[in-house]
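Worksheet: one structure, shown below.
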Amino acid sequence: MTISAASALGSRSIAFATLAGALYFTTALVRPAFAADTATPPSGAAVNQLKPVIVVAQHRRQNAQKVGISMTIISAKRLQEDGVRNVKGLEYEAPNLQVQSQFGTGQTSFAIRGVGTDFNDYASNNAPVVGYYVDDVAYPVPAMTQGQFFDINHIEVLRGPQGTLYGRNSTAGAINVITNKPTDHLTYGGSVEYGTYNNALLQGYVSGPISDTVRIRLAGETNQGGGYQYNRVTDQPFGNNDTKNLRGEIAWDATPNLNFLLNAHWGRDQSDGEASSLLDPRGIYPADSSPRAVGWGTTTAFANYRGISPDTKPYRDNQGWGTDLTTTYTLPVARITSVSSVERLDRRELDALDGTDYGAADVYFSTRAGAYAEDLRIASLTENPYNWLIGAYFSRETLDEVYDSSFSGFGIYVHTPYTQSVETKSLYAHAEYEFLPKLKLVLGGRIENEHRKINDFSTTAYLNTNNAAIPFSGVGSESTYYTLPSWKAELDYQLLPESMLYASVTAGIKSGGFTAVNAVVPADLAISPFKPERLLAYEIGAKNEFLDNTLLVNADAFYYDYHDQQVLGIITDPTYGSVGHFVNAPKSHLYGGEGEVDWLPLPGLSIDQSLGLTAGAFDEFNDTVGSTLENGVYVPVTENLKGRGIGAPRYTYTLAAYETLPINEAYSVRFGGSFAYRDQYVSLLNTSTNSYNIKGYGLLNVDVDLLPTYHNWRLSVWGRNVLNRKYLLSNNYFDDSIYAVGVYGEPATYGLRLSYDFK
């Protein structure tokens, strides 16, 4: 059938309008379980087909549509088109995923489906709610996740408790970053990108064989400039990037059955730190007129103590490195895999959280963290009617951290040092059995033992006037440990070759830990441990392909029974009063779902959408909200939060649409864009005098590519947040009666990108 250009354009317009409303009636799993723009159909297949994406979520290569897990697959191309240069940008790519900077610092935390939303921790000593992995290696310290975000093949975002297949337990889910591996033929390439605010990004790689059995890959990047903020008083530019990262990999096939893959990587971040904008016109600090305006500065006493000047810009000087060795030995019926890894981080970071030159909340982190891990597993080679996996995991973490802060309103600066060690041991197993045609049973189990110990914790205040020391907490040490199971039971039913239904029940756990920030209560109370949290997840879902594999429609729904949820709250000492502390909410619940529609309505046109829904509330939680002095003794003031909602956005939505049209025989153009919306985030910091919610916002990106037919380069013009929306990334206060502060997101930016790939 011949379609005229006019009718084709009309069909495309109808397609866009129709699909814009369709997702409101279709829930699904989210974006690219297929990659439309990179599809290369097999001989004889329809040109306009979605290409299956292979994932390694269960430690073996599988079609994502055949795995009974709610997951989002984000391609390297999508990351580039949307300008995702670090982990913070992932929340605009996957539904029900949050990535936040804690209180405006460089410390990043993750939440999925509302789990982790209220766990606001800007120290480095507690386990993350979401497991973060790069090529099977866990990154247990959240600050470690900022580097090694380049030369990526794809990213897998898994929703729901993970643990029966992964090195570490988590209650929210897992993020797997899969990097590109050494190739058996020569390939090289890279890209250079320049954008608004003098932002320059340079990336490159080379890969290929050096013998019949050895292959190597080298990749690196540097990101410079891009500071969209300025000092409200001096107009000094602020927010510039200065990062450098390198990675090298060597693959060696020692024998046909014995293979090694050695990875070594290094990164340095010397970017500007974090500074805040003033939000409320209170007292002596009026609200900033521009979302790009920020402020910093500290007291002379704190500056002298830290060896800086009072007007020193907030900064980072973080360096990380690591190495891991993956050894694979293939037996006749099974494969043995060992992943041995070492990760290190040295963090030096100065942030101005109060947004003024008053020095009311300037913080400095000095962190030295290390993690060693060994993951050993043996897995069957068969697929049907059964397959199995048995593994053992061991890790040891060390942490030496100093948290210093200035409180000029109280005439003091505060010094809080501590060390911590963590040892984790676990055994896990996973099995799948197709006991009836089309019906498969999946069972998984894990038993984990963890011992976590904090040592030499203390908080000492020093007077700004004469540096006199006031010990606030004394010196304390504490330990916590547990031995707990986690498990999964799942049924998969292949209703049709193109449709799969699944239902699962999963029990997940997350480590307990310690509140390791400055404290004005005795040390034994300040670091009193909070308990592990436990979550029982019920989930149903469907994965479908329609219309000759040109339409993907996935859907899932979940209900979480949440026990001992870890929440940043308050504890009270009779002598000293209240101090921030992590506490456990005895019982809460969450429910919702995710959705994805991925469609190729016409050759050259791809459209995909996702929708995430989350709701929930505390069922049992008497939270301490402050203290009052009665007869010379501080007593806690509590509030029953039963029925209060979890702070996660109620819904998230994404839309991406791209079309490729030929210009002539030598060139074609690909154009389109993406839109991401996140509903309001509700903060537990809300008080009677102000709201610290983060309002919902939507961001629109555009991308236009010139594609030559006979060459390997690509020229792109891009724009991000092209509607120039004003939106907050964090919202906080340090003296509620005087001012509120926040960090605004990046305004509209534009740029050019030239990329080349020889394959």
Side-chain angles (χ1 to χ4, degrees), residues 32 35 37-40 51 53-56 59-61 73-81 84-86 133-137 147-156 176-193 201-223 243-256 258-268 320-328 330 337 339-343 705 707-708 710-716 753-759:
D37 48 86
T38 59
T40 304
K51 179 182 177 181
V53 165
I54 303 302
V55 298
V56 292
H59 297 308
R60 67 183 193 275
R61 293 172 58 82
I73 313 303
I74 309 169
S75 68
K77 185 173 181 58
R78 180 57 50 79
L79 294 172
Q80 186 181 69
E81 290 170 340
V84 180
R85 297 178 178 179
N86 55 52
Y133 302 84
V134 179
D135 295 331
D136 270 355
V137 175
Q148 301 306 308
F149 205 80
F150 65 100
D151 197 31
I152 291 171
N153 182 277
H154 70 278
I155 294 176
E156 303 170 3
N176 297 330
V177 179
I178 312 300
T179 65
N180 290 314
K181 300 298 183 290
T183 53
D184 57 6
H185 62 282
L186 178 63
T187 177
Y188 55 86
S191 65
V192 58
E193 194 169 322
L201 176 68
L202 179 64
Q203 297 179 323
Y205 71 92
V206 60
S207 177
I210 59 174
S211 74
D212 291 341
T213 60
V214 179
R215 305 173 300 281
I216 66 170
R217 187 180 189 95
L218 300 174
E221 70 158 6
T222 180
N223 186 11
T243 63
K244 308 172 188 69
N245 290 284
L246 296 171
R247 184 190 304 122
E249 294 182 278
I250 302 176
W252 177 35
D253 300 329
T255 72
L258 180 61
N259 313 98
F260 299 94
L261 177 63
L262 178 65
N263 175 314
H265 47 271
W266 169 88
R268 185 80 180 267
W321 64 268
T323 184
D324 55 84
L325 175 65
T326 300
T327 304
T328 305
T330 304
T337 302
V339 181
S340 307
S341 63
V342 177
E343 294 293 331
D705 303 324
L707 309 172
Y710 306 109
H711 302 280
N712 297 316
W713 57 265
R714 173 184 294 221
L715 180 63
S716 306
R753 178 176 61 250
L754 178 63
S755 55
Y756 178 86
D757 289 284
F758 175 81
K759 298 182 179 180

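Between the CZ atom of F150 and the CG atom of L79 there is a distance of 14.0 Å, given to the nearest 0.5 Å. The distance from the CD atom of Q80 to the CD atom of Q203 is 7.5 Å, given to the nearest 0.5 Å. Taking CG from D184 and OG1 from T213, the interatomic distance works out to 12.5 Å, rounded to the nearest 0.5 Å. Taken from CG in L707 to CZ in R714, the straight-line distance is 4.5 Å, to the nearest 0.5 Å. Atoms CD1 and CG, from I250 and L262 in turn, are 5.5 Å apart once rounded to the nearest 0.5 Å. For the atom pair H154 NE2 and T179 OG1, the distance stands at 10.5 Å (nearest 0.5 Å).
Looking at T243 and R268, their side chains never come closer than 4.5 Å, going by heavy atoms from C-beta outward. Within the 4.5 Å cutoff, the side chain of L201 has heavy atoms near those of the R85 side chain. Using a 4.5 Å heavy-atom threshold, the side chains of R215 and D253 count as touching. Taking the side chain as every heavy atom from C-beta outward, L325 and L261 never approach each other to under 4.5 Å. The shortest distance between side-chain heavy atoms of L258 and T327 falls below 4.5 Å. At a threshold of 4.5 Å between non-hydrogen side-chain atoms, the residues T326 and T337 count as touching. Side-chain atoms of T183 and Y188, non-hydrogen and from C-beta on, never get closer than 4.5 Å to each other. Proximity of V342 to D324: side-chain heavy atoms (C-beta onward) are nowhere separated by under 4.5 Å.
The side chain to side chain contact (heavy atoms under 4.5 Å, CB included) test with Y205 singles out one residue from R247, E221, R217, and that residue is R217.
For S191 (side chain) and L754 (main-chain N/O), no donor-acceptor pair under 3.5 Å exists by modelled atom type. A donor-acceptor pair under 3.5 Å links the side-chain atoms of T323 to the main chain of N263, judged by distance alone.
The minimum heavy-atom distance between S207 and P182, with the atom names listed, is OG-CA, 3.5 Å. Minimum interatomic distance between N180 and E249 (heavy atoms only, all atoms of both residues): O-OE1, 2.9 Å.
A donor-acceptor contact under 3.5 angstrom links the side chains of S716 and D705, judged on distance only. No hydrogens or angles considered: nothing links the side chains of D757 and N712 as a donor-acceptor pair under 3.5 Å.
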Go through the steps for F149 and V134 under the test side chain to side chain contact (heavy atoms under 4.5 Å, CB included), then give the verdict.
-> CA-CA 9 Å; F149 205 80; V134 179; over 6 Å; no
I155 and N176: side chain to side chain contact (heavy atoms under 4.5 Å, CB included), yes or no, with the steps?
-> CA-CA 6 Å; I155 294 176; N176 297 330; over 6 Å; no
Begin with the C-alpha distance, continue with both residues' side-chain angles, and end with the deciding distance and a verdict on side chain to side chain contact (heavy atoms under 4.5 Å, CB included) for D135 and K181.
-> CA-CA 10 Å; D135 295 331; K181 300 298 183 290; 3.0 Å; yes
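F260 and W252 have their aromatic ring centers within a separation under 6.0 angstrom.
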